[in-house]
Participant: 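Take this structure first; my questions come after.
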Amino acid sequence: MALRAQDLLDLGIESILNYLRRSRADEEQERRTGEDVLQAQKELMDRVLEPLGIPYDQRSEVGSGDKISTRPVFQTVIKDLQSGKFQAIAVKEISRMGRGSYTDMGVIYDLITDKRIFIITPYKTFDPNNPSDLRQIRFELFMSREEFETTRERLFGGRVNRAMEGKWVSGEAPFGFDYNPATKKLDINEQQAEQIRAIFDLYVNGVPDGANGKRRDVSFRALATYLSRHTVICTPKGKKNWHPTYLKGVLQNERFIGILKFRTTKRVNGKIETRPEEEHIIVHDAMPRIIDQETWDKAQAKINDTAHKPRTKMDFSPCELAGLCVCYKCGGRMVRQYSVQKYEKQTGDVVEYHKEFLWCTRPGCTFVKYRSVEEDLLDVLRYFKDLSADRLREELVANLAQDGQQNNFIPDVNEYIEQRAKELKNRMNFIFEKYESGRYTDEMFDERKAEIDKGLAELSELEKKHNSEKPESKEYKIDVDVVRTNLNSLLDAYAEAEDKSDRNRIMRSVFEHVTIELIERGRGRIPSKYNIYPVFKKGLTDSVILV
């Protein structure tokens with residue numbers, strides 16, 4: 001039985017906090033009937049509280065989060081109750097205070113008992129000093145949590161069953177598709193699908209390069225720049241600017257080849273973790289393909305083989321050695337440095353001196369003449385071309401065996417991994433802070449968390465690869481006549497090419513990478529002394545090599 005107003009005053013209740021919140025059942029009813037259930041709840045509690053004649057303050061929680069951390073209004077309720085500003089909390093049902101984790105239930109229970117917070121409902125006023133009432137409070141909190149868990153398990157079980165049937169159970173239809181309510185599956189949205197096909201075409205076949213119909217091969221980072229500046233293709237969220245990581249996610253999205261994945265992650269203590277692969281639900285042909293298998297395979301192969309692509313900007317034409325040369329001393333990527341200096345002679349004439357070097361960006365590291373290295377690499381091709389058949393085969397086998405061992409020249413990989421991991425952990429702390437403060441929704445948090453988890457997984461793979469044992473020796477089938485023909489074709493094509501980007505493409509078609517070891521620094525007109533360690537690509541032995 002509810003206490004009378006005088007009884008409440010005698011118990012020291014001078015101010016009441018009325019907490020209003022939609023339950024999941026309320027949300028369903030609101031969608032079904034259009035009724036404003038929060039307003040109806042307010043009117044009910046007004047009828048209960050107004051006759052008491054005790055001042056009360058109403059707080060409405062618009063969302064229906066299951067955790068205290070996702071309910072900013074209830075967080076202020078707890079602070080005000082702890083401070084003694086209110087001596088009682090009024091709710092339609094005890095379960096309205098929360099159905100979250102048992103930790104959250106413990107926070108609420110301890111607050112009620114420690115501060116002797118009375119709970120006023122339309123049917124009863126609960127006194128935490130009354131053992132019978134306290135038992136009922138514990139029971140209500142426990143049962144509300146159990147009801148929540150049972151409901152969630154039932155709903156999730158239904159989603160699992162529908163997912164296994166290839167039905168879409170993950171909210172709004174993803175970009176490129178429309179949800180079909182009749183089949184509960186996804187159909188292709190042709191307008192959006194054309195944009196996806198265009199993106200894959202640009203990535204696999206290259207972007208337009210001038211008015212001559214040529215196409216230029218680009219990485220997904222350069223493609224992101226191209227899409228942002230030169231096309232009308234917007235992101236699935238309607239934005240003009242493409243972030244490289246977001247674009248990479250689009251290029252790796254298996255939905256575009258008809259694969260549906262569900263139950264790949266789980267939430268543990270508020271954190272998103274990847275489930276073991278055996279728990280994943282993977283359904284092939286769950287939706288129509290947007291991208292054909294050949295294009296998809298080419299795109300994935302390119303994404304997984306970007307280690308030696310030149311790191312040049314979209315609006316910049318790479319020079320002959322871009323993306324090829326690695327410093328022997330520190331493992332850093334070497335870049336071209338070009339400058340023009342003007343000198344005035346005693347006669348008053350001004351002459352220009354063009355300086356062009358290949359240098360490691362780490363201070364005090366390798367620094368050699370650019371054109372000297374270029375000519376040395378061409379000499380390497382001429383040298384191999386003129387070898388006898390047996391010697392050519394022997395030299396190529398030894399050279400190709402170096403493939404995959406480039407990490408031997410990169411002592412700072414562990415340093416990079418450590419620094420990158422630190423950056424990702426700092427980002428993780430940032431998004432947790434925003435999530436706990438209510439600035440991020442569950443969806444925003446999950447999206448950003450998944451991106452960081454993916455980055456950490458990639459770091460882990462890089463670390464395993466770097467620390468792995470020396471790869472087993474391989475057998476190479478080499479047709480020396482084919483190799484000699486290819487070398488002649490490469491040298492002729494290089495000599496005829498007028499564009500530096502074309503020459504770079506030729507260099508990258510033959511060399512996997514080139515390590516530069518500085519022996520003695522140059523002084524004045526005395527050039528540097530250095531060794532080069534080129535590694536050929538296996539494609540050099542193919543019957544057809546594209547130049």
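If you're wondering where the values come from, they're calculated on a predicted model, not measured in any experiment.
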Participant: Got a donor-acceptor contact below 3.5 angstrom from the Gln192 side chain to the Gly176 backbone?
Facilitator: yes
Participant: Check the pair Ile89, Ile16 against side chain to side chain contact (heavy atoms under 4.5 Å, CB included), reporting the backbone distance first and the verdict last.
Facilitator: CA-CA 6 Å; Ile89 180 171; Ile16 301 170; over 6 Å; no
Participant: Can a side-chain donor-acceptor contact be found between Gln300 and Asn304 if the only test is distance below 3.5 angstrom?
Facilitator: no
Participant: So does Ala90 get a backbone contact from the side chain of Asn18, meaning a donor-acceptor N/O pair under 3.5 Å?
Facilitator: yes
Participant: Using a 3.5 Å distance criterion without hydrogens, assess whether the side chain of Trp242 forms a donor-acceptor pair with backbone atoms of Ile233.
Facilitator: yes
Participant: Could you state the interatomic distance from CG (Leu247) to CD1 (Ile199), rounded to the nearest 0.5 Å?
Facilitator: 6.5 Å
Participant: Gln82 vs Leu111, test: side chain to side chain contact (heavy atoms under 4.5 Å, CB included). Steps then yes/no.
Facilitator: CA-CA 7 Å; Gln82 287 174 334; Leu111 174 62; 3.4 Å; yes
Participant: Measure from the side-chain N and O atoms of Trp296 to the backbone N and O of Ala299, and report whether any donor-acceptor pair falls under 3.5 Å.
Facilitator: no
Participant: Only counting residues at least two apart or in another chain, list the ones meeting salt bridge (Lys or Arg N to Asp or Glu O under 4.0 Å) with Asp187.
Facilitator: none
Participant: Do Phe220 and Leu251 come close enough that some side-chain heavy atom pair is under 4.5 Å?
Facilitator: yes
Participant: So, Asp201 and Arg197, do they make that salt bridge, N to O below 4.0 Å?
Facilitator: no
Participant: Does a donor on one side chain and an acceptor on the other come within less than 3.5 Å for Tyr19 and Glu61?
Facilitator: yes
Participant: Leu20 versus Met45: any side-chain heavy-atom pair under 4.5 Å?
Facilitator: yes
Participant: Within this structure, what is the NZ-CG distance for the pair Lys115 and Leu81, rounded to the nearest 0.5 Å?
Facilitator: 10.0 Å
Participant: Would you say that Trp168 contacts Asn180 through its side chain, given a criterion of any heavy-atom pair below 4.5 Å between the two side chains?
Facilitator: no
Participant: Test Tyr56 against Ser15 for side chain to side chain contact (heavy atoms under 4.5 Å, CB included), laying out the working first.
Facilitator: CA-CA 6 Å; Tyr56 65 92; Ser15 186; over 6 Å; no
Participant: Measure across Ile119 and Met97 and return the closest heavy-atom pair with its distance rounded to 0.1 Å.
Facilitator: CD1-CE, 3.7 Å
Participant: Check whether any side-chain heavy atom of Pro208 sits under 4.5 Å from a side-chain heavy atom of Leu202, and report yes or no.
Facilitator: yes
Participant: Would you kindly say whether Gln58 and Asp46 are connected by a side-chain donor-acceptor distance under 3.5 Å?
Facilitator: yes
Participant: Ignoring hydrogens and angles, tell me if any N or O in the side chain of His280 forms a donor-acceptor pair with the backbone of Ile282 under 3.5 Å.
Facilitator: no
Participant: Are Ile196 and Phe177 packed together at the side-chain level, in the sense that at least one heavy-atom pair is separated by less than 4.5 angstrom?
Facilitator: no
Participant: Could you check whether any side-chain heavy atom of Arg221 comes within less than 4.5 Å of a side-chain heavy atom of Thr225, counting everything from C-beta outward?
Facilitator: no
Participant: If the threshold is 4.0 Å, N to carboxylate O, is there a salt bridge linking Lys85 and Asp57?
Facilitator: no
Participant: Can you tell me how far NE2 of His284 sits from CZ of Arg289, rounded to the nearest 0.5 angstrom?
Facilitator: 9.5 Å
Participant: Compute both the distance and the angle, then confirm whether Lys124 meets the cation-pi test with Phe126: under 6.0 Å from the six-membered ring centre, within 45 degrees of the axis.
Facilitator: yes
Participant: Please name the pair of heavy atoms, one in Gly166 and one in Leu260, separated by the smallest distance, quoted to 0.1 Å.
Facilitator: O-CD1, 4.1 Å
Participant: Scan side-chain atoms only and decide if Asp80 and Ser83 contain a donor-acceptor pair under the 3.5 Å cut-off.
Facilitator: no
Participant: So, for Pro174 and Leu186, which heavy atoms are closest and what is the spacing to 0.1 Å?
Facilitator: CD-CD1, 3.8 Å
Participant: Show the nearest heavy-atom pair for residues Ile188 and Ala193, with the distance to one decimal.
Facilitator: CG2-CB, 3.6 Å
Participant: Where the side chain of Thr295 meets the backbone of Ile291, is there a donor-acceptor pair that is under 3.5 Å apart?
Facilitator: no
Participant: Are any side-chain N or O atoms of Lys302 and backbone N or O atoms of Val218, one a donor and one an acceptor, separated by less than 3.5 Å?
Facilitator: yes
Participant: Donor-acceptor pair, distance only, cut-off 3.5 Å: does the side chain of Arg59 make one with the backbone of Val73?
Facilitator: no
Participant: Using side-chain contact (heavy atoms from CB on, under 4.5 Å) as the criterion, list what pairs up with Asn253, not counting sequence neighbours.
Facilitator: Arg255, Phe256
Participant: Treating Asp133 as the side-chain partner and Asp127 as the backbone partner, does any N or O pair qualify as donor plus acceptor under 3.5 Å?
Facilitator: yes
Participant: Nearest 0.5 angstrom please: Leu52 CG to Leu49 CG, how far?
Facilitator: 6.0 Å
Participant: Tell me if a side-chain donor or acceptor on Lys537 pairs with a main-chain N or O of Arg508 at a distance below 3.5 Å.
Facilitator: yes
Participant: Using a 4.5 Å cut-off on heavy atoms from C-beta on, say whether the side chain of Gln252 contacts that of Ile303.
Facilitator: yes
Participant: Is there a side-chain contact between Lys298 and Tyr203 (heavy atoms, below 4.5 Å)?
Facilitator: no
